[in-house]
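Numbers restart at 1 for each chain; the letters A, B, ... are given by sequence-line order, proteins then strands. Both backbone and side-chain heavy atoms feed into the values below; hydrogens, waters and symmetry mates do not.
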Amino acid sequence: MTDKEKKNFYCLDMFPYPSGSGLHVGHPRGYTATDVYTRFKKLQGYNVIHPMGWDAFGLPAENYAIKNKIHPSKVVEENVAHFKDQLNKFDLNYDWDREVNTTDPKYYRWTQFIFLKLFERGLAYESETPINFCPSCKTGLANEEVVGGKCERCGTAVERKNIRQWILKITEYADRLLEDLDGLDWPEPIKEMQKNWIGRSEGSNIVFDIKDSKDRIEVYTTRADTLYGCTWVVLAPEHQLVNKLKVESENQEEIDEYIQKSKNKSDLERTELQKEKTGVELKGIKAINPINGQEVAVWVADYVLGHYGTGAVMAVPAHDERDFEFAKKYNIEIIPSVVKSTGNYRSYLMGAEDISDQDLEKLDIIIVQKPESDVRKIEIPKDSIAKYEELITEKLSVGFWNEYVGEKIIFIFKHKDGQVERLEYKNENIDRINKLSAEFTNDTSGKTIIEDWLGEGADGYYQDYLLSTDYGILINSEEFDGLSSVDAKKKITEKLKESGHGDFTVNYKLRDWVFSRQRYWGEPIPIVHCEKCGIIAVSEKDLPVLLPHVEKYEPTGDGTSPLSNESDPAIAAWLNTTCPKCGGSAKRETNTMPQWAGSCWYYIAYLMKQGSDYVWERDKIDPWLPVDLYVGGAEHAVLHLLYSRFWHKVLYDEKLVGSIEPFQKLISVGTILGIDGVKMSKSRGNVIDPDPLIEKFGSDPLKMYELYIGPFSQPAKWSQNGIVGMHRFLQKVEKISDAEISSSNDKNLVPINKAIKKVTEDIESFSFNTAISTLIETFDLISTNSWDKPSAEIFLTLLSPFAPKMVEQVSQKIGMQMSVWPEFDSKFIADDKVTIAIQINGKVRDQIEIAIDELEQKVKELVLEREKIKSWILEAKIKKFIYIPGKIISIVV
RNA sequence: GGGCAAGUGGCGGAACUGGUAUACGCGUAGGUCUCAAAAACCUAUGGCCGUAAGGUCUUGUGGGUUCGAUUCCCACCUUGCCCACCA
């Protein structure tokens, strides 16, 4: 069936989940697109594979089965038959001999086989840490299946639950999954979503010793440059050290209570609601900032996540919004250590009656605002700062001070006796600055100057500079003062590394994949539990491990699988087995695989299909991979598309496939919405059934309308009237066969060649809507010219991918054979004469037909001779004459 | 809150790297055919002024760059999608 001389093209649709409600008009949009595209590619001479199959394991079939007391296998069988029947009505060119079904034991034998490979490589492991659990679906969920704290499938708030489960180490492939995205021809937003999901971040681990103890707290930060601004450290409530430290602290009860409380919070409460931050200090425990030896408090707070980084963070309220909020609430000191670098300094100028606005302007100083007559908010360029200081030193009134804030913070105090004291805001000067400022203002509140700036009364003028999460220039950071954030991150971490208190590190948001489900309708995990040997893989020759046919398969909800219910004899017979290693008695793994397992490799299964069997042969697989074009919904951006990339890379490492990625080019299909503009769903009652439409108009007009409705990747509202237009058009085309067709007509050469070019480009770029517009226009044009045989044959070929049924009928009638996709002749594309517009002062006033290669001088003459142009220009002088050949003439008067 | 995408007639939408905005389709109006209706076909169809010729305004809002902006830049408004305490 494949021709060695031709190039291969593998075009793949995301295979559907055969739901009970059947197809609605939204489903075939993607299928129609690949149908058009593959017919086009075949005419261009490619070997094309375009298969279809069924992703049939999973909850919907099982839930439906439970509700209606029909076995899931039966449900699936009926649904598949119904889906296939509906699809066939669309006349799509699928390779049905490659049809796959994930629930076929011959199929899932290989799904289990791949699991064994994962297991052998140590990429599948058993664990009993807390995971996401959906109380309604009664099963554990992967991180990717939790959307905003809710189950992706049913919308129930997920709980944290400790259950035994199988986990796949997808994190081991995080870097490769990230890096290889660059080579893929995928929509940018989808790549971006995967990048964000993997969430690589480069930072530093920093070790805080605990005072009078051997324990140390290791924190993860991406902002080591802000270390001097750290005023406390925070442990997540789950952090192991909490249990130890709480005993040594003065308020153990309070801490216990807090931990208990946050344990009871669901993920939704802890994150989604963005509640006010809470926490408890470990009183009496002090951590030591390794960069400067400062003692800082230690807190437990559940705004820190236990599973990310080290489960502990350093809090820098000046340069982190969460820490800032927390510091405000619990009244913790805020120390700025990075200042935004704009190149300017800011100052409030007071006590400077002798300094005029002109004095300042001479130094290029900007007076931002004059809130009161004796106060000026000013911005001083870096270059003027020395002169500004001179001015202040000379003219500031006694008993006042001036400070300016930028890459440094400088205070200039003018004492009563006229003596000037200049102090930089640095550790050794801070006490002195606070003392003087309090004295000068007779302030007895004991507030520090920084508190004053950042407090309630402040207007944010300095805060913009001092309390920013942006990168900037370090201040208040000893030897690192003046460095940029980027340099300082490096230098500070390097210094910490010398004393064993820190190092560079990388973290990912991506978490390992919770792979087991406590449900019946899935692939059994091919593992046995032997009392003597422990966890043992089923040997490959014993695959598949068949899913036993049982009558009762309701989920238990207690974290065990329905397949562990030994009171059912059918289950007991399956469950009790022998250990492949020692031959002793053993029990089968009762968890099943998640819905995603079967879809992780189905694109390979199509290539393996031989009759009803699947055979893994590299020479049958490699010539087709990676998939050349994959079309499906964007909703799978981080689930299916990430999981199958992971599996594919493992298969590559196993030398079972030859490519590093499964899907080279991806195009996402926009959802078709109901007439009311919302997603079609049974419960809303806005579902449009395609069957009656096909009956009334036929498959061609419906398919064409699916593509004509709008840009392919954008969502589109269904309109019941739209098909009529396509139907009318096709009816007109059908009449070609009745009309007089001449043997040739030169007038048609230009339009038909232009059509070849445009339609070819548009199909190639999935711009089907404009391809169809072009076909309609071309048809109308040639119909007025009258048809000739060559044009009719080309036109019908161009139309054939869109309306295969109709075109076939017509071509038989007029006795043509369609074989190859036409190529345009460029000599008929470029016209020798063009009509272009003449603009006067930017407004179109006239049109002129001229030769495409006419010289500018001649064009100018022709244009200025025209009565219409004369009447617009009148006596005015022509300032400019612009001529862009083939585009426009623009006259400015 | 952050990221991304998008705002064009009554509606779906078109417009290449800045060059005649509203292609194509739907709908609507008038007409042809018909005893009548449906279907089909033909004509017209962005708003305003005008009998007309023609003029004038118009691509979410407000600015800017340009001979010229739906397209580029800035600010704002609206909608959709994704992520959401990831330190």
Residue list, salt bridge (Lys or Arg N to Asp or Glu O under 4.0 Å) with A:Glu635, at least two apart or on another chain: none
- prompt: Roughly, in whole Å, what's the span from CD in A:Glu321 to P in B:A87?
  reply: 13 Å
message: Checking A:Thr278 now: which residues fulfil side chain to side chain donor-acceptor pair (under 3.5 Å) with it, not counting sequence neighbours?
response: A:Tyr258
query: Which whole number of Å gives the distance between the C1' atom of B:G27 and that of B:G9?
result: 12 Å
Distance-only donor-acceptor test, A:Gln839 side-chain atoms vs B:G19 base atoms, 3.5 Å: yes
Kindly give the atom pairs (protein nitrogen or oxygen, nucleotide nitrogen or oxygen) under 3.5 Å for nucleotides 37-44 of chain B.
residue, atom, partner, partner atom, Å
B:A40, OP1, A:Arg728, NE, 3.2

field: Chi-based syn or anti call at B:G63, which uses purine or pyrimidine torsion atoms and a 90° bound
entry: anti
Atom C1', compared across B:G47 and B:A38: separation rounded to whole Å: 34 Å
- line: Assert: residue with more 5' nearest nucleotide on RNA chain B, out of A:Ser719 and A:Trp197, is A:Ser719
Show the distances under 3.5 angstrom between N or O atoms of the protein and N or O atoms of nucleotides 54-56 of chain B.
residue, atom, partner, partner atom, Å
B:U56, OP2, A:Arg845, NH1, 2.8

- line: Sorted by chain and number, sequence neighbours left out, side chain to side chain donor-acceptor pair (under 3.5 Å) with A:Thr778 holds for none
message: Using ring centroids (six-membered ring only for Trp), state whether A:Trp299 and A:Tyr330 fall under 6.0 Å.
response: yes
- prompt: Which atoms form the tightest heavy-atom contact between A:Leu730 and A:Ala803, and what is the distance?
  reply: CD2-CB, 3.9 Å
message: Going by the rule side chain to side chain donor-acceptor pair (under 3.5 Å), which residues pair with A:His501 if we only count those two or more places apart in sequence or in a different chain?
response: A:Asp209, A:Ser499
query: Can you list every side-chain hydrogen bond (donor to acceptor under 3.5 Å, both in side chains) pair that touches residues 707-719 of chain A, not counting sequence neighbours?
result: A:Trp718-A:Gln720
field: Residue closer to the 5' end of RNA chain B, A:Gly725 versus A:Ser773 (nearest nucleotide)
entry: A:Ser773
statement: Applying the Watson-Crick and G-U criteria (both distances under 3.5 angstrom) with [ ] for crossing and | for other-strand pairs, one obtains for RNA chain B (((((((..(((......[....)))((((((.......))))))((((....))))..(((((..]....))))))))))))....
- request: Answer yes or no: is there an ion pair linking A:Lys329 with A:Glu325, defined by an N-O contact shorter than 4.0 Å?
  value: no
query: Counting distance only, does the side-chain N/O of A:Thr493 pair as donor-acceptor with the main-chain N or O of A:Phe504 below 3.5 Å?
result: no
message: Suppose you measure atom P in B:A44 against the same atom in B:C26; what distance do you get, rounded to whole Å?
response: 15 Å
Residues which pass salt bridge (Lys or Arg N to Asp or Glu O under 4.0 Å) with A:Lys340, listed by chain and number, not counting sequence neighbours: none
task: Return the value, rounded to whole Å, for the distance between atom CD1 of A:Ile884 and atom P of B:G68.
output: 13 Å
- request: Please measure how far the P atom in B:G2 lies from the corresponding atom in B:C76, and state the result in whole Å.
  value: 11 Å
- prompt: When the P atoms of B:A40 and B:G63 are considered, how many whole Å apart are they?
  reply: 48 Å
message: Between B:A29 and B:G7, how far apart are the two C1' atoms, rounded to whole Å?
response: 30 Å
- prompt: Can you tell me how far P of B:C26 sits from CH2 of A:Trp718, to the nearest Å?
  reply: 15 Å
task: Check the pair A:Trp596 / A:Glu145 against side-chain hydrogen bond (donor to acceptor under 3.5 Å, both in side chains), numbers first and verdict last.
output: CA-CA 11 Å; A:Trp596 312 103; A:Glu145 291 171 301; 2.8 Å; yes
- request: Using the test side chain to side chain donor-acceptor pair (under 3.5 Å), find all partners of A:Thr310 that sit at least two apart in sequence or belong to another chain.
  value: none
statement: Counting primed atoms, P, OP1 and OP2 as sugar-phosphate and everything else as base, the B/S/- map of nucleotides 7-17 of chain B against protein heavy atoms under 4.0 Å is -----BSS---
query: What distance, rounded to whole Å, do you find between the two C1' atoms, one in B:U70 and one in B:G46?
result: 15 Å
query: Under the salt bridge (Lys or Arg N to Asp or Glu O under 4.0 Å) test, which residues partner A:Lys696, sequence neighbours left out?
result: none
query: A:Lys754 NZ to B:A23 C1': how many Å, rounded?
result: 14 Å
field: Interatomic distance, A:Asp320 CG vs B:G2 P [rounded to whole Å]
entry: 15 Å
message: Could you tell me if the side chain of A:Ile763 sits less than 4.5 Å from the side chain of A:Phe802, heavy atoms only?
response: yes
statement: Among the nucleotides B:C24, B:A87, B:U20, whichever has the atom closest to the side chain of A:Ile888 is B:U20
message: Between A:Arg200 and A:Glu202, does any side-chain N to carboxylate O distance fall below 4.0 Å?
response: yes
